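Comments concern the structure below.
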Amino acid sequence: RKEVEQDPGPFNVPEGATVAFNCTYSNSASQSFFWYRQDCRKEPKLLMSVYSSGNEDGRFTAQLNRASQYISLLIRDSKLSDSATYLCVVGSNMLTFGGGTRLMVKP
Amino acid sequence: ETGVTQTPRHLVMGMTNKKSLKCEQHLGHNAMYWYKQSAKKPLELMFVYSLEERVENNSVPSRFSPECPNSSHLFLHLHTLQPEDSALYLCASSQLGPGELFFGEGSRLTVL
């Protein structure tokens with residue numbers, strides 16, 4: 001089993017749609033959880049941290065389910081500019097990246 | 001001035017060449033990292049330096065040799081690479097904890 005697993009996609013959605021990604025992790029001792037965004041041929045950048053109580057940042061909502069060992073990212077009212085690869089990152093002392101989920105928002 | 005800068009941005013080298021990738025961070029962080037990103041594979045952690053001491057070496061072949069002369073600079077020395085080493089090499093820095101990783105724009109390496 002991979003340490004951090006994501007559906008590679010691509011997820012093709014129309015503008016304005018709501019889309020959700022899940023990410024599962026194998027190490028139950030993991031303490032830190034993040035979603036990063038990576039645009040084509042660019043470096044990854046932090047989108048948001050994921051807290052135990054769940055957290056929201058504008059159109060983006062992240063949740064953590066420790067019992068089932070997964071985190072999720074919900075994007076509401078998708079924009080063309082949301083098209084990117086979304087990387088799930090999990091760890092304690094060291095961070096492990098998932099393979100990413102590619103999102104394509106179409107007009 | 002960007003937080004983490006990498007040079008060169010693009011590098012083409014033969015299998016017998018010796019080259020180096022350079023990374024510099026201006027964020028006052030105490031940890032620096034080298035990652036490898038190949039097509040259709042997750043980011044792979046290669047090396048971690050914490051306070052200039054190497055704390056992680058993920059079974060990376062010896063043809064990759066890191067150097068961290070101070071907390072702001074990180075090098076990756078390359079020698080007798082193989083074509084399968086062609087990839088995007090990303091440098092990152094953070095506060096230990098681990099904190100948010102700040103990446104450079106990467107060095108795209110092609111080995112002929």
Side-chain angles (χ1 to χ4, degrees), chain A residues 1-11 21-27 29-52 55 57 60 62 64 71 73 84-104, chain B residues 2-7 9-10 21 23-25 27 29-51 53-60 74 86-110:
Chain A
R1 183 181 174 186
K2 293 179 184 177
E3 284 191 67
V4 180
E5 197 149 8
Q6 296 182 249
D7 180 343
F11 284 58
F21 310 135
N22 280 344
C23 164
T24 58
Y25 60 94
S26 60
N27 186 352
S30 299
Q31 296 294 322
S32 302
F33 307 90
F34 306 92
W35 283 102
Y36 276 70
R37 171 191 169 133
Q38 186 172 23
D39 292 294
C40 187
R41 304 186 74 82
K42 297 280 193 178
E43 75 275 20
K45 293 183 179 178
L46 179 68
L47 177 65
M48 59 196 303
S49 302
V50 186
Y51 304 119
S52 297
N55 48 299
D57 183 2
F60 299 84
L64 167 63
I71 66 173
L73 177 68
T85 297
Y86 291 83
L87 303 169
C88 170
V89 186
V90 176
S92 296
N93 292 326
M94 293 296 161
L95 297 178
T96 301
F97 281 75
T101 297
R102 189 170 172 208
L103 171 65
M104 298 180 69
Chain B
T2 56
V4 181
T5 55
Q6 288 186 242
T7 56
R9 294 290 310 282
H10 299 273
L21 307 181
C23 177
E24 185 173 356
Q25 61 102 357
L27 301 169
H29 289 158
N30 53 20
M32 295 188 76
Y33 310 77
W34 279 116
Y35 282 88
K36 176 183 178 181
Q37 188 170 39
S38 305
K40 300 187 179 181
K41 291 178 73 175
L43 273 163
E44 300 171 59
L45 179 62
M46 299 176 72
F47 301 104
V48 181
Y49 276 83
S50 166
L51 300 171
E53 296 287 326
R54 190 191 307 181
V55 297
E56 186 81 13
N57 177 352
N58 272 359
S59 303
V60 180
L74 185 64
S86 299
L88 180 67
Y89 289 84
L90 289 158
C91 173
S93 70
S94 77
Q95 289 298 115
L96 288 172
E100 176 186 351
L101 287 167
F102 289 80
F103 286 90
E105 293 180 296
S107 295
R108 188 162 295 280
L109 173 67
T110 302

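All of these numbers come straight from a predicted model, not from anything done at the bench. Every chain is numbered from 1, with letters handed out A, B, ... down the list of sequences.
Of all the heavy atoms in L95(A) and Y35(B), the pair that sits closest is O-OH, 4.0 Å.
In this structure the side chain of F103(B) never reaches within 4.5 angstrom of the side chain of K42(A), judged on heavy atoms. The shortest distance between side-chain heavy atoms of V4(A) and P42(B) does not fall below 4.5 Å.
Of the atoms belonging to L90(B), it is side-chain heavy atoms, and not backbone ones, that fall under 4.5 Å from chain A. If you measure heavy-atom distances from V4(B) to chain A, you find no contacts under 4.5 Å at all.
Residues Q37(B) and Q38(A) bring a donor and an acceptor atom of their side chains to less than 3.5 Å of each other.
The CD atom of E105(B) sits 12.5 Å away from atom CZ of R41(A), with the distance rounded to the nearest 0.5 Å. The distance from the CZ atom of F97(A) to the CG atom of L101(B) is 5.0 Å, given to the nearest 0.5 Å.
Heavy-atom pairs under 4.5 Å with chain B peak, among S92(A), S49(A), G91(A), at S92(A).
Within 6.0 Å of the CZ atom in R102(A), the count of heavy atoms belonging to other residues, nucleotides or ligands does not exceed 12.
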